[in-house]
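Predicted model only: the values in this text are computed from it and were never measured. Side-chain atoms are counted along with the backbone in the values below, which use heavy atoms only and exclude waters and symmetry mates. Lettering of chains follows the sequences in order, A, B, ..., and the numbering in each one begins at 1.
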Amino acid sequence: MNDLAKAKTYKSEVKPIWCPGCGDFAVLSALTKAFAYLDLDKKDLAVISGIGCSSRLPAYLSSYGFHGIHGRALPVAAGLKLARPELTVIASGGDGDGFSIGGNHFLHACRRNLDLTYIVMDNEVYGMTKGQASPTTKPDWVDSPLTPHGTGVRPFQPAAIALAAGASFIARGFSGDPNGMTKLIIDAIQHPGFAFIQVLSPCPTYRPEQKLWKNQVSSFPHAPTDNPLEAATRLYADDGMSSGLIFQSQYPAWQQTSAVTASIHQFEEEFIV
Amino acid sequence: MSILSCTQSLAVTGSGGSGAITVGNMLLQIAASSGLYGIMRRSVGPQIRGGESAALLRLSAQPVSGPDDRFDLLLAFDWLNADRFALEIPLDSASLIISDSAHSEIPDVILQSGARVIQIPLQQMAADISGGRVNMIGLGLLCALLELPSELSRTVIRSTLASKGEAAIEAALQSFDAGARYETSFQLPCPALQGGTTAARWNISGNEACALGALQGGVRFVAAYPITPATDLLEWLAPRIEKIGGSLLQAEDELASINMVIGASFGGVCSMTATSGPGLSLMAEGIGLAIASEIPLVVVNVTRGGPSTGIPTKSEQSDLNIALYGQHGDAPHLVLAPQNISDCIQTTRWAVQLAEILQTPAIVLSDQFLGQSRFVIPAPEPVVDSDSIARLRQIQHSASATPYQRYLINDSAISPMALPGTAGCSYTADGLEHTCTGKPSSIATDHHDQLDKRQHKLTRYAFGTQWAEVQGSGPIAILCWGSSSMAVLEAAERLQQSGQPVKVIAIRLLAPAQTAALERELQDVSQLLVVEQSHSQQFYRYLRAHYALPAQVQVYAKPGPLAITPGQICQALQALSGESI
Ligand SMILES: Cc1ncc(C[n+]2csc(CCOP(=O)(O)OP(=O)(O)O)c2C)c(N)n1
Ligand code: SF4
């Protein structure tokens with residue numbers, strides 16, 4: 001089987017609800033290519049999401065999946081990984097799902113450093129609810145009737161926040177660069193810890209101006225660093241449109257050790273008068 | 001023999017740090033070692049350190065259910081914030097108060113009971129002992145008054161203080177002896193307890209009992225966020241679950257807890273969380289997800305006074321509504337409530353088993369009274385093999401039909417659930433309405449079919465006789481649930497002895513409502529008393545919604561934090577039957 005045909009076996013029969021031109025299509029296909037490259041057995045693969053256009057992704061894959069509730073992809077993924085460490089577990093969703101309603105889980109997933117991959121399809125808008133501002137929306141974007149004067153709030157900086165929260169793998173991809181994205185996903189899955197990829201994934205429906213992203217995105221001029229100070233300096237100097245692996249460090253992945261050393265019967269004996 | 005034969009109710013109070021709770025715990029253990037049964041409730045103030053605390057004991061030669069109506073004795077180390085607990089320690093002219101002469105200003109709320117007051121120079125006695133402790137002097141005094149064997153007391157003191165070092169133990173023993181030797185010119189207002197037993201007994205709290213039941217049921221993953229009064233349950237579990245191959249994770253909040261539990265259970269590991277009201281509120285959406293995606297899990301809710309932050313340290317039965325109706329949409333699930341301490345083990349174990357079989361969340365409604373009280377109980381029947389977990393979940397091992405139908409509609413309405421790792425069965429679990437294969441669908445027929453399926457798996461299941469405990473017969477009945485069942489049973493016993501038999505129906509399985517079964521039990525009942533610890537009569541309203549009740553119904557609903565006592569129930573029942581005469 002050639003690579004493309006193999007990648008296709010990771011797609012399900014369910015037809016995506018996404019609008020034509022939605023960046024999420026490219027993420028789906030990069031994921032399947034990464035799975036094919038890594039030759040993952042789809043029975044041992046689970047993709048977990050929250051709610052949003054982007055969060056529809058698991059249903060379009062032939063692996064195991066969980067399409068949960070808004071903002072909670074990471075805890076479901078964490079529970080699954082803790083229960084079944086041998087599985088490859090990937091969490092995915094949108095910028096609203098991950099950085100607004102699920103923001104607290106994002107911070108703690110970064111610091112907990114479970115061996116998970118988290119892909120956020122960032123379109124700087126709430127697509128599913130028809131075009132409201134998200135945490136990554138620029139303050140002067142006035143196209144949503146919900147924030148007629150713009151949000152007036154500085155945007156959330158996903159990569160810098162992940163760094164501060166202790167993530168051990170931080171990358172930015174672009175759906176207009178499918179090969180680069182596939183490579184990042186492969187590296188992220190192979191990374192033994194929490195790997196975060198912010199994917200710039202345009203929403204042509206509510207943010208048609210994002211069609212220009214393809215002219216604005218460029219590669220990070222540096223090789224990835226394992227020095228958080230260096231990474232922070234680079235991130236602060238960046239306009240948010242550079243793609244590539246930014247930071248990778250070998251913090252130990254958090255694991256629970258549980259060997260059977262006692263029996264419930266012994267616990268019962270503690271109560272005997 | 002009856003629990004009424006003879007019991008002693010004692011309260012030990014003092015500001016935080018006075019060691020009142022330690023005295024209570026030791027006294028319970030000493031009484032237990034000497035062959036008695038007993039209960040120790042805890043009532044503490046909101047302060048983290050330095051607030052008031054009260055250990056409320058009731059001892060007997062027979063198994064004790066809940067608190068009595070009054071206290072025989074109050075030992076007060078000081079009177080800090082006495083007004084805050086005075087109502088919880090009803091005293092009368094037959095009661096005795098022992099207080100430290102160093103704190104001679106006894107508050108009016110206490111004095112107005114008319115109880116006899118004895119002042120003893122506890123502080124002064126402690127000052128005469130190097131490292132002397134007032135509370136250990138108090139313990140010595142109590143043990144002497146209760147005629148508890150001093151050798152046992154010494155053993156309990158030694159083992160409780162083992163980690164504090166020999167000097168501390170020596171000081172405690174000397175203090176204990178000083179208290180025990182103190183020449184008392186008075187006696188306890190109640191006779192000493194006779195006829196201790198050598199029968200096997202356990203000293204266990206309700207929180208420990210729920211945790212043990214969960215492990216026995218097969219729980220091997222827990223994610224939770226600390227909250228009073230559920231924290232002790234988690235703290236008991238954490239070091240133990242990892243020794244039997246499971247894990248417990250302290251999550252960032254309850255939203256994470258419930259969703260982690262969902263993820264772990266999706267992965268095939270039997271999972272639960274424990275929380276209290278505010279946490280249960282946060283979990284509401286996640287529980288709905290588990291209902292829609294048919295994920296088994298257990299939530300133990302140790303109820304405290306609500307709404308909002310309410311009274312975190314004290315008990316109430318006021319989370320019934322949120323447990324039953326907390327989800328949006330039509331969301332059938334299981335709600336169970338243990339009725340006493342050993343039932344905390346059984347009901348939680350049963351909840352785990354039901355959740356696994358029926359692939360839906362089970363909420364177990366315990367409360368602060370059950371959870372944080374220590375009880376000396378007859379040792380429960382051993383679970384045949386508590387370490388081998390029965391696989392109750394219907395698990396799909398391989399694909400039989402293509403495509404695999406995770407939400408297949410069949411006779412039992414329970415469809416086989418494939419675990420990740422099973423070839424040919426991959427599916428996406430979904431909180432969106434879905435088809436039989438799990439594909440998202442907003443088509444009316446799919447919605448109706450899946451709503452029916454999720455309802456039918458609960459209504460078609462035969463829950464057996466465990467749905468309630470029924471005792472007695474006749475035209476007058478008391479209907480209750482959860483922890484107030486203990487006071488109801490004692491009330492029924494008192495009424496029986498005074499020639500007024502009543503039937504008691506204590507519901508364990510609150511949802512799904514067992515309408516036919518309860519109505520059968522109510523067939524010959526013409527007068528019904530409903531007992532519950534809530535302000536808005538949540539239980540009564542639930543009963544009205546699901547069951548045909550007799551024509552004459554009276555409700556005894558009292559909010560926390562005061563305990564419901566047997567005497568109050570007897571009075572309420574007499575008012576009910578009096579009306580009909
Ligand atoms: C608790 C809750 N609040 C609100 C919503 C409504 N809602 C659905 S998706 C969404 C935002 C989606 O935005 P994003 O996560 O950025 O994903 P996108 O649709 O842009 O891919 C919101 C607010 C919900 N489903 N649940
Ligand atoms: S609304 Fe935007 S994010 Fe949603 S599917 Fe359409 S293009 Fe994609």
Side-chain angles (χ1 to χ4, degrees), chain A residues 12-14 17 41-49 51 56 58-84 86-87 89 101-102 104-105 107-109 112 256-268 270-273, chain B residues 29 32-33 200-204 208 212 215-216 221 223 240-247 249 251-253 255-269 271 285-286 288-289 293 376 379 382-383 386-387 403 420-432 438-440:
Chain A
S12 76
E13 302 295 305
V14 182
I17 56 157
D41 192 337
K42 63 188 180 188
K43 76 175 175 26
D44 300 322
L45 182 62
V47 183
I48 316 295
S49 68
I51 295 292
R56 290 285 187 135
Y60 309 145
L61 291 165
S62 61
S63 62
Y64 281 87
F66 206 123
H67 182 211
I69 47 178
H70 195 29
R72 317 294 164 216
L74 282 171
V76 174
L80 178 60
K81 184 71 189 178
L82 287 165
R84 299 286 303 278
E86 77 281 13
L87 300 176
V89 182
I101 193 167
N104 192 35
H105 307 310
L107 296 181
H108 294 280
R112 200 172 281 124
Q256 272 176 324
T257 43
S258 51
V260 178
T261 58
S263 71
I264 296 176
H265 190 65
Q266 279 168 285
F267 306 152
E268 291 167 355
E270 294 170 23
F271 298 119
I272 296 174
V273 170
Chain B
Q29 184 63 22
S33 311
R201 279 151 308 130
W202 282 15
N203 179 343
I204 187 170
E208 291 164 352
L212 176 63
L215 294 184
Q216 288 177 350
F221 179 81
R240 290 176 179 80
I241 195 168
E242 64 183 27
K243 294 201 179 95
I244 54 169
S247 57
L249 181 130
E252 56 270 31
D253 55 29
L255 304 164
S257 311
I258 189 74
N259 284 283
M260 286 178 175
V261 163
I262 289 171
S265 181
F266 170 71
V269 174
S271 303
E285 193 193 12
L289 170 62
S293 57
V376 179
V383 178
S386 55
D387 282 292
T422 314
C425 295
S426 43
Y427 73 101
T428 294
D430 211 319
L432 274 176
K439 185 180 151 206

Which atoms of T261(A) approach chain B - backbone, side chain, both or neither, heavy atom under 4.5 Å: both

Which atoms of I69(A) approach chain B - backbone, side chain, both or neither, heavy atom under 4.5 Å: both

Structural part of I204(B) lying under 4.5 Å from a heavy atom of chain A: both

Heavy-atom contact with chain A under 4.5 Å, split by part of L249(B): both

Which portion of A423(B) sits near chain A, non-hydrogen atoms under 4.5 angstrom: both

R72(A) portion near chain B, given a 4.5 angstrom heavy-atom threshold: both

Non-neighbouring partners of L432(B) that pass side-chain contact (heavy atoms from CB on, under 4.5 Å), sequence neighbours left out: R56(A), H67(A), D430(B), P440(B)

Contact leader toward chain B among P58(A), G65(A), A83(A), where contacts are heavy-atom pairs under 4.5 Å: G65(A)

Proximity breakdown for A379(B) and chain A, heavy-atom pairs closer than 4.5 Å: neither

Closest-packed option against chain B by number of heavy-atom pairs under 4.5 Å, given A78(A), A46(A), S49(A), S63(A): S63(A)

Pairs of heavy atoms under 4.5 Å with chain A: top-ranked of A256(B), P420(B), A264(B), G267(B): P420(B)

Proximal component of S247(B), with respect to chain A [non-hydrogen, under 4.5 Å]: both

Residue, of R112(A), H70(A), E13(A), that accumulates the most heavy atom pairs under 4.5 Å with chain B: R112(A)

